[in-house]
Structure formats: C-alpha cells, structure tokens
Amino acid sequence: MSSPTSIHQSPRHQQPPTRSWASTSVSDFQAVLKSSKRVLALCGAGLSASSGLETFRGAGGMWRDYEASALATPEAFEKDPGLVWLFYAYRRHKALNAKPNMGHYALAELARAKGEEGFMCLSQNIDGLSQRANHPPAQLKLLHSSLFDIKCFSCPYIEKDNFSDPVHPSLLIDEASITARLSAASTPISLSSASASKPPTIPLDELPHCPACKTGLLRPGVVWFGESLPKQTLAEVNQWIGRGLIDLCLMIGTTAQVYPAAGYVQVARMEGARIAVVNMDSRELGAAGGLRSVDFLFEGDAARVLPDILGGVVGELEGFVGEVAMVNGARTGEGEGVEEEEEMDEVQKYFAASP
Ligand code: BJW
Ligand code: ZN
C-alpha cells in the first residue's frame with residue numbers, strides 16, 4: 001500500500017525545448033496501458049480545446065486584454081464582481097453550447113474498460129464536457145469544481161447544476177453589450193491595474209443575490225486561486241491513490257503548473273509511474289519535468305490523439321455520439337424532437353445520480 005505524498009511542492013517551470021527521451025510509439029504505449037493495473041489521468045483545458053472552448057491561458061476574443069488568472073481570484077470578485085461574473089457567464093454560455101469531443105469519449109470508455117480501481121480521472125476542467133460524455137462519475141474528480149455550481153460569497157449557500165443561460169438577466173451574453181460594458185468599465189491588461197475609481201462593470205444591485213442570506217452576492221462555484229479545493233473530492237482522490245501504486249499517469253492538455261492538481265503527477269512519478277503527456281505543445285511538461293525513456297510524449301490535439309492511443313484498450317470509438325445533454329434548455333441550434341426529449345430524460349437521470 002502506498003500513502004499519499006504531500007502535493008504542495010514548488011511547481012517546475014516550463015521546460016526549454018530540449019530533446020525529449022520519451023517514447024512516441026503508440027504500440028509501446030498501448031502495451032503499457034493494457035498491462036497497467038492502476039492508471040491516473042490529470043486533464044486540463046486542452047482536452048476541451050477542440051470542442052471550441054478557449055484554454056485558461058489562451059483566452060482571446062473580447063477577453064484578450066484580461067489575464068484569466070487575475071480574474072480567477074476572490075480579490076478580483078470583491079473589486080469588480082460584475083466583471084468577474086461576465087467572464088464566467090460568457091464561459092458558461094460557451095460551454096453549454098459546446099459538445100464533448102472524441103477525447104472526452106475515449107477517456108469515458110477507458111474508465112469503463114479499466115473499472116473503478118483501474119482508472120481515475122482528475123479533471124481541472126469546469127466545463128461539464130466529461131460529464132456529458134457520460135464519464136462514470138465515481139471515476140471523475142472535479143478538482144476545480146464546476147461552472148454550473150453557484151454559491152454565496154458570504155454564507156454557505158450553494159446551488160449545484162444550475163444550467164440556466166443566462167444565469168441571471170443582468171448576465172445575458174450578447175457580444176456587443178459585453179464589449180460595450182468592458183470598454184466602459186476599463187481596459188486593463190489585468191484587473192489589478194484597473195483604477196479604483198472606475199465604476200463597477202455592473203451595478204451591485206443588478207447582480208444575483210443569495211436566496212438564503214439575502215445580502216450576499218452569488219458567485220461562480222469554481223475554485224479560485226488561494227481557495228481550497230473541495231475537501232471531499234481531495235479525500236476521495238487520496239483514498240484512491242492510497243489503495244495501491246500507480247503504474248501509469250496520463251497528463252492531458254494541461255500546463256500542469258497549478259497546484260495541488262499538478263502535484264498528483266509528481267506523486268504518481270515518485271511512486272514509480274510512467275508518465276504519458278498528450279499536448280499540442282511538446283514543451284508543456286509542467287509537473288512532469290524532464291521525461292525519461294520509459295515515459296511517453298504525444299504531441300497533438302487531445303481529441304485526435306486520445307482515441308488513437310487508447311484505441312487498443314477502449315476499441316473503436318467511431319460513430320460514438322452518446323452525449324448526455326445538459327438540462328434547462330442548454331442545448332441550442334438543434335431539433336426539438338423525441339430523441340432530444342429522450343436525451344433530456346437521460347440527463348435528468350444522470351444528474352440525479354451524481355453526488
Ligand atoms: C492542448 C490543446 C489541444 C491546447 N490538445 N492540448 C505550491 C507552490 C506554489 C504555489 C502554490 C502551491 N500550492 C498552491 C499554490 C497556489 C496556487 C497555485 O498553484 N499557483 C500556481 C500558479 C503556482 N494554487 C491555489 O491557489 C489552489 N489552492 C490551494 O492550493 O489552496 C491552498 C493554498 C492556497 C495558497 C497557497 C498555498 C496553499 C487553487 C488553484 C485553483 C485554480 N483554479 C483555476 C481557475 C478555475 C476557474 C476558471 O477556470 O476560471 O483553474 S486556475 C486555472 O488553471 C484553472 C485551470 O483548471 C488550471 C489549470 O489550467 P490548464 O487546464 O492547465 O489550462 P492552461 O490554459 O494553462 O493549459 C492548456 C494546455 O493545453 C496547454 O499546455 C496547451 O499547450 C494545451 N493544449 N490545445 C491538447 N487541442
Ligand atoms: Zn448567502
């Protein structure tokens with residue numbers, strides 16, 4: 001039995017583009033995957049990139065002048081809650097209108113193929129796409145919670161699985177009005193440079209308030225910098241890690257620079273696990289550090305690479321369309337026929353069964 005190692009360690013910085021010793025052989029990887037009894041995956045925003053969602057550090061468009069990490073803090077919310085809400089309302093809207101890609105489906109299939117003791121997926125993503133790809137809930141731990149949880153900034157009130165779009169009338173996502181609001185509020189490179197004298201982006205009384213305490217502002221239920229990750233989730237992850245050695249650790253579409261999430265790759269490596277990195281950019285090794293000859297590096301789009309490399313274990317994924325849709329009218333631009341209603345029934349069951 002292994003014991004969970006402390007994961008609060010200094011993050012390594014991105015590696016220079018030196019030669020990697022890691023293998024790029026799909027067949028060798030598949031042999032290792034097949035023989036691995038316990039596989040851990042750490043997923044990041046790159047997994048959802050080909051579903052059309054911007055990565056955390058790659059936000060462009062109307063958010064190009066803002067540093068995402070400066071908006072993802074309680075201090076930013078205190079300073080200008082309307083600006084932070086617009087950022088998250090925009091991302092809710094985008095996520096609700098996106099679809100899971102073959103990478104999400106491949107991981108969900110791997111979870112079913114390996115079983116609960118054989119595979120655990122730690123996701124830093126808040127977009128709900130793995131859930132909609134029907135990833136077994138017990139094998140999916142949401143380290144940074146969900147865009148669809150709403151909680152109170154002042155009291156313990158929390159509402160889970162709120163898929164309303166807009167989440168509040170003042171947060172209607174229409175690009176023209178957001179752009180106008182952003183330019184009226186400020187044009188900061190980061191929120192910290194915004195002048196204290198600027199008016200709030202949205203007046204406080206127009207923002208959603210807590211139905212429990214009546215006075216607190218509601219906020220997105222995601223985990224911001226400086227906040228603790230969900231205790232129960234961490235406990236479940238540590239229990240799984242503590243039940244045996246990890247043979248293989250997949251690091252998928254993440255810079256692996258945010259802790260404690262990135263620390264799990266180091267824990268797995270210290271326990272002797274091989275590392276397999278899947279990333280568009282082969283320099284993004286983050287917590288994986290320098291890869292060894294026993295490790296693997298697959299450069300490319302996770303949506304394309306994952307079905308290829310997991311194929312030997314999960315089988316053919318072509319034609320797989322079993323999306324679990326969101327509730328509350330989240331799906332748009334598609335027919336409203338019987339199939340859609342059946343899909344909605346599935347989703348009600350899915351989310352009713354989720355913890
Ligand atoms: C593709 C692709 C394609 C593109 N296919 N690939 C130890 C040391 C130092 C600091 C700390 C420490 N422990 C804790 C800290 C402080 C802090 C931290 O880690 N800071 C670092 C910046 C150093 N951590 C915390 O504050 C955490 N809390 C905590 O530990 O509490 C206790 C504590 C507090 C303070 C001090 C000590 C202890 C909380 C962290 C919560 C982070 N939450 C965020 C925001 C969530 C809401 C939101 O999304 O807005 O989570 S930050 C942000 O980063 C988000 C992401 O989940 C996370 C990871 O980002 P990710 O997924 O890697 O995305 P990107 O954009 O960075 O990378 C995308 C990758 O995909 C790239 O590599 C591309 O190349 C690739 N890619 N397209 C494959 N198609
Ligand atoms: Zn409250």
Side-chain angles (χ1 to χ4, degrees), residues 6-15 42-60 63 66-77 84-85 87-88 90-92 94-95 101-104 122-127 142-147 149-159 208-231 234 250-263 265-266 277-288 298-306:
S6 166
I7 48 176
H8 284 111
Q9 292 158 12
S10 294
R12 302 243 194 119
H13 290 292
Q14 187 175 296
Q15 300 294 304
L42 176 70
C43 300
L47 174 62
S48 298
S50 71
S51 293
L53 302 183
E54 285 154 4
T55 60
F56 187 76
R57 284 162 187 83
W63 294 102
Y66 294 84
E67 243 176 60
S69 55
L71 293 168
T73 68
E75 293 76 22
F77 189 79
V84 174
W85 251 127
F87 180 55
Y88 285 95
Y90 169 77
R91 291 170 66 198
R92 280 171 63 97
K94 293 276 287 188
N101 63 54
M102 294 306 271
H104 298 105
L122 312 182
S123 181
Q124 301 168 87
N125 296 347
I126 56 176
D127 54 33
L142 302 180
L143 299 178
H144 298 160
S145 300
S146 163
L147 268 173
D149 292 350
I150 310 288
K151 62 186 190 184
C152 179
F153 197 62
S154 308
C155 85
Y157 173 83
I158 181 159
E159 180 191 0
H209 280 74
C210 174
C213 70
K214 313 284 186 209
T215 52
L217 279 178
L218 290 178
R219 55 159 278 186
V222 298
V223 181
W224 283 330
F225 283 112
E227 296 185 323
S228 299
L229 276 64
K231 284 195 177 52
L234 290 183
L250 314 178
M251 202 180 100
I252 301 161
T254 176
T255 44
Q257 288 182 354
V258 172
Y259 285 72
V265 176
Q266 293 169 331
V277 173
V278 176
N279 201 300
M280 276 303 254
D281 183 344
S282 62
R283 293 164 305 174
E284 291 280 53
L285 299 180
F298 299 106
E299 189 168 22
D301 176 11
R304 189 186 55 76
V305 171
L306 286 172

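Both ligands and their constituent atoms are indexed starting at 1 by order of listing. Small disclaimer: the values here were computed from a predicted structure and weren't measured.
Nearest-residue assignment for atom 31 (O) of ligand 1 (options Arg91, Met251, Glu227; heavy-atom criterion): Glu227. Between atom 41 (C) of ligand 1 and the options Ile252, Val223, Thr255, the minimum heavy-atom separation is to Val223. Of the listed options Gly226, Ala49, Cys43, Ala49 places a heavy atom closest to atom 78 (N) of ligand 1. The residue among Trp224, Tyr259, Tyr88 with a heavy atom at the shortest distance from atom 25 (C) of ligand 1 is Tyr259.
Looking at Gln124 against ligand 1, both its backbone and its side chain come within 4.0 Å, counting heavy atoms. With a 4.0 Å heavy-atom cut-off, ligand 1 is reached by the backbone of Gln257 but not by any atom from C-beta on. Residue-level proximity to ligand 1 for Leu229 is carried by the side chain, the only part with a heavy atom below 4.0 angstrom. Of the heavy atoms in Met280, both backbone and side-chain atoms come closer than 4.0 Å to ligand 1. Under 4.0 angstrom from ligand 1, the non-hydrogen atoms of Asn279 come from both its backbone and its side chain.
Pairing each heavy atom of Leu218 with each of Ile150, the nearest pair is CB-CG2, 3.9 Å. Across all their heavy atoms, Asp127 and Ser48 have their closest contact at OD2-OG, 2.6 Å. Here the closest non-hydrogen pair linking Ala261 and Leu143 is CB-CD1, 3.6 Å. Among all heavy-atom pairs drawn from Cys155 and Cys210, the shortest one is SG-SG, 3.7 Å.
Taking the six-membered ring for Trp and the full ring otherwise, Phe87 and Tyr66 have centroids separated by 6.0 Å or more.
The pair Lys151-Glu227 does not meet the salt-bridge criterion, since no charged nitrogen lies less than 4.0 angstrom from a carboxylate oxygen.
Paired with Cys152 under the rule side-chain contact (heavy atoms from CB on, under 4.5 Å), one option of Cys213, Pro211, Pro208 passes, and it is Cys213.
Considering only heavy atoms from C-beta on, Leu229 comes within 4.5 Å of His144 through its side chain. Contact check for Thr55 versus Met280: no side-chain heavy atoms found under the 4.5 Å cut-off. Looking at heavy atoms from C-beta onward, Phe56 lies out of side-chain contact with Gln124 at the 4.5 angstrom threshold. Taking the side chain as every heavy atom from C-beta outward, Pro220 and Leu147 never approach each other to under 4.5 Å. The closest side-chain heavy-atom distance from Leu306 to Val278 is below 4.5 Å.
Protein nitrogen, oxygen and sulfur atoms, that is N, O or S, within less than 2.8 Å of the Zn ion (ligand 2) amount to 4.
Atom numbering of ligand 1 starts at 1 in the shown order; those under 4.0 Å from a heavy atom of Pro260 are 30 (O). Those atoms of ligand 1 with a heavy atom of Ala302 less than 4.0 angstrom away are 3 (C), 5 (N), 79 (C). Numbered from 1 in the order shown, with element, the atoms of ligand 1 that lie under 4.0 Å from a heavy atom of Gly44 read 62 (O). With ligand atoms numbered from 1 in the order given, ligand 1 contributes 3 (C), 5 (N), 80 (N) to contacts under 4.0 Å with heavy atoms of Asp301. Ligand-side atoms of ligand 1 in range of Gly300: 5 (N), 79 (C), range being under 4.0 angstrom from any heavy atom. Against a heavy-atom cut-off of under 4.0 Å, Val222 is close to the following atoms of ligand 1: 47 (C). Near Glu284, meaning under 4.0 Å from one of its heavy atoms, ligand 1 places the atoms 72 (C), 73 (O), 75 (O).
Among the atoms of Ile126, none of the N or O lies under 3.5 angstrom from an N or O of ligand 1. Not a single N or O atom of Phe87, backbone or side chain, sits closer than 3.5 Å to an N or O atom of ligand 1. Checked against a 3.5 angstrom limit, the closest N/O atoms of Phe56 and ligand 1 fall inside it.
Not counting sequence neighbours, the partners of Leu142 by the side-chain contact (heavy atoms from CB on, under 4.5 Å) test are Ser123, Gln131, Leu140. Not counting sequence neighbours, the partners of His209 by the side-chain contact (heavy atoms from CB on, under 4.5 Å) test are Leu217. Take Phe225 and apply the ring pair (Phe, Tyr, Trp, His ring centres under 6.0 Å) test, not counting sequence neighbours, and it matches no residue.
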